[in-house]
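Heads up, the thing below is written out as structure tokens.
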Amino acid sequence: MANIQPARTKFRKVQKGRNRGKATVCNALAFGDFGIQALERCRMPANQIEAARVAISRSLKRKGKMWMRIFPHIPVTKKPAEVRMGSGKGGVEFYVATIKPGTMLFEVAGVPASAAREAMRLADSKLQVRCRFVSREELEKY
């Protein structure tokens with residue numbers, strides 16, 4: 001499984017920062033007819049995002065079109081086990097995407113609603129956050 005990470009970054013290591021508030025961008029269907037939306041906040045690792053992407057594409061058997069609306073831009077560092085305090089920050093171990101409640105994670109189009117719902121259910125089982133299935137018709141009602 002290929003590891004998703006940025007091709008290049010401006011800085012090798014970044015501080016953790018805060019993940020407050022609700023999603024104001026990337027919180028609605030922009031491309032597809034169906035999507036999966038996060039209901040909680042988290043820092044989602046690249047391997048979870050890739051696992052969900054693979055689950056969706058295998059479930060749909062490469063029919064229709066899929067959009068991945070999140071990308072792991074933020075490097076997470078770790079120091080090796082049993083290392084004394086000090087001597088600087090550890091090396092980059094993996095990359096994460098910060099997810100706020102309401103963020104649209106994946107979108108699909110060109111497939112029936114039942115197939116999209118099943119694909120999103122399989123993707124949800126791979127992710128650490130609670131998600132909900134959304135459709136364009138459902139969102140237009142409100």
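The CE atom of Met104 sits 7.0 Å away from atom CG of Asn27, with the distance rounded to the nearest 0.5 Å. Rounding to the nearest 0.5 Å gives a distance of 8.0 Å between CG of Asn47 and CZ of Phe94. Remark: Arg130 CZ to Glu40 CD distance equals 4.5 Å, nearest 0.5 Å.
Note on Ile36 and Leu39: separate hydrophobic clusters, where clusters join Ile, Leu, Val, Met, Phe, Trp and Tyr whose side-chain heavy atoms are under 4.5 Å apart, directly or indirectly. Note on Leu29 and Met66: separate hydrophobic clusters, where clusters join Ile, Leu, Val, Met, Phe, Trp and Tyr whose side-chain heavy atoms are under 4.5 Å apart, directly or indirectly. Cluster annotation: Phe133 and Val111 are assigned to the same hydrophobic cluster (Ile/Leu/Val/Met/Phe/Trp/Tyr, side-chain heavy-atom contacts under 4.5 Å, transitive). Taking hydrophobic clusters as Ile, Leu, Val, Met, Phe, Trp and Tyr residues chained together by side-chain heavy-atom distances below 4.5 Å, Ile49 shares a cluster with Val129.
With contacts defined as side-chain heavy-atom distances shorter than 4.5 Å, the pair Lys13/Val92 qualifies. Here the side chains of Val14 and Pro75 are in contact, with some heavy-atom distance below 4.5 Å. At least one side-chain heavy atom of Gln128 sits under 4.5 Å from a side-chain heavy atom of Pro45. Using a 4.5 Å cut-off on side-chain heavy atoms (C-beta onward), Lys126 and Leu122 make no contact. Side-chain contact between Lys65 and Glu107 is absent, with no heavy atoms from C-beta onward closer than 4.5 Å. The shortest distance between side-chain heavy atoms of Ser59 and Ile56 does not fall below 4.5 Å. Counting heavy atoms from C-beta outward, Glu138 and Arg132 have side chains that approach closer than 4.5 Å.
Counting non-hydrogen atoms of other residues, nucleotides and ligands closer than 6.0 Å to CZ of Arg136 gives a total above 12. The environment of Lys89 atom NZ is dense: over 12 non-hydrogen atoms of other residues, nucleotides or ligands sit within 6.0 angstrom.
The backbone N or O of Met120 lies less than 3.5 Å from no partner atom in the side chain of Asp124, so there is not a single donor-acceptor pair. Side chain of Asn19 to backbone of Ile99: a donor-acceptor contact under 3.5 angstrom is found. Checking side-chain atoms of Gln37 against main-chain N and O of Gly102 turns up a donor-acceptor pair under 3.5 Å. Remark: the backbone N or O of Arg20 is paired with a side-chain donor or acceptor of Lys100 at under 3.5 angstrom. Remark: the backbone N or O of Leu105 is not paired with any side-chain donor or acceptor of Thr103 at under 3.5 angstrom. A donor-acceptor distance shorter than 3.5 angstrom exists from the side chain of Arg69 to the backbone of Ala28, with no hydrogens or angles considered. Between the side chain of Arg41 and the backbone N or O of Gly21 there is at least one donor-acceptor pair closer than 3.5 Å. Remark: the backbone N or O of Gly86 is paired with a side-chain donor or acceptor of Lys79 at under 3.5 angstrom.
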**Prompt:** Could you go step by step and tell me if Val76 and Tyr95 meet the side-chain contact (heavy atoms from CB on, under 4.5 Å) rule?
**Reply:** CA-CA 6 Å; Val76 175; Tyr95 287 83; over 6 Å; no

**Prompt:** Do Met44 and Ile70 pass the side-chain contact (heavy atoms from CB on, under 4.5 Å) test, and can you show the C-alpha distance, the side-chain angles, and the key distance before you say yes or no?
**Reply:** CA-CA 9 Å; Met44 193 175 288; Ile70 52 174; 3.9 Å; yes

**Message:** For Ile74 and Thr98: C-alpha separation, side-chain torsions, deciding distance, then whether side-chain contact (heavy atoms from CB on, under 4.5 Å) applies.
**Reply:** CA-CA 8 Å; Ile74 297 153; Thr98 54; 3.5 Å; yes

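Residues Val54 and Ser57 approach most closely at O-OG, 3.1 Å, considering heavy atoms. Taking both residues in full, the closest heavy atoms of Pro72 and Pro6 are given as O-CD, 3.5 Å, listed atom of the first, atom of the second, then distance. Here the shortest heavy-atom pairing between Phe34 and Ala116 reads CD1-CB, 3.6 Å. Taking each heavy atom of Cys131 and Leu127 in turn, the nearest pair found is SG-CD1, 4.2 Å. Across all non-hydrogen atoms, the minimal contact from Ala109 to Gly32 is CB-CA, 3.8 Å.
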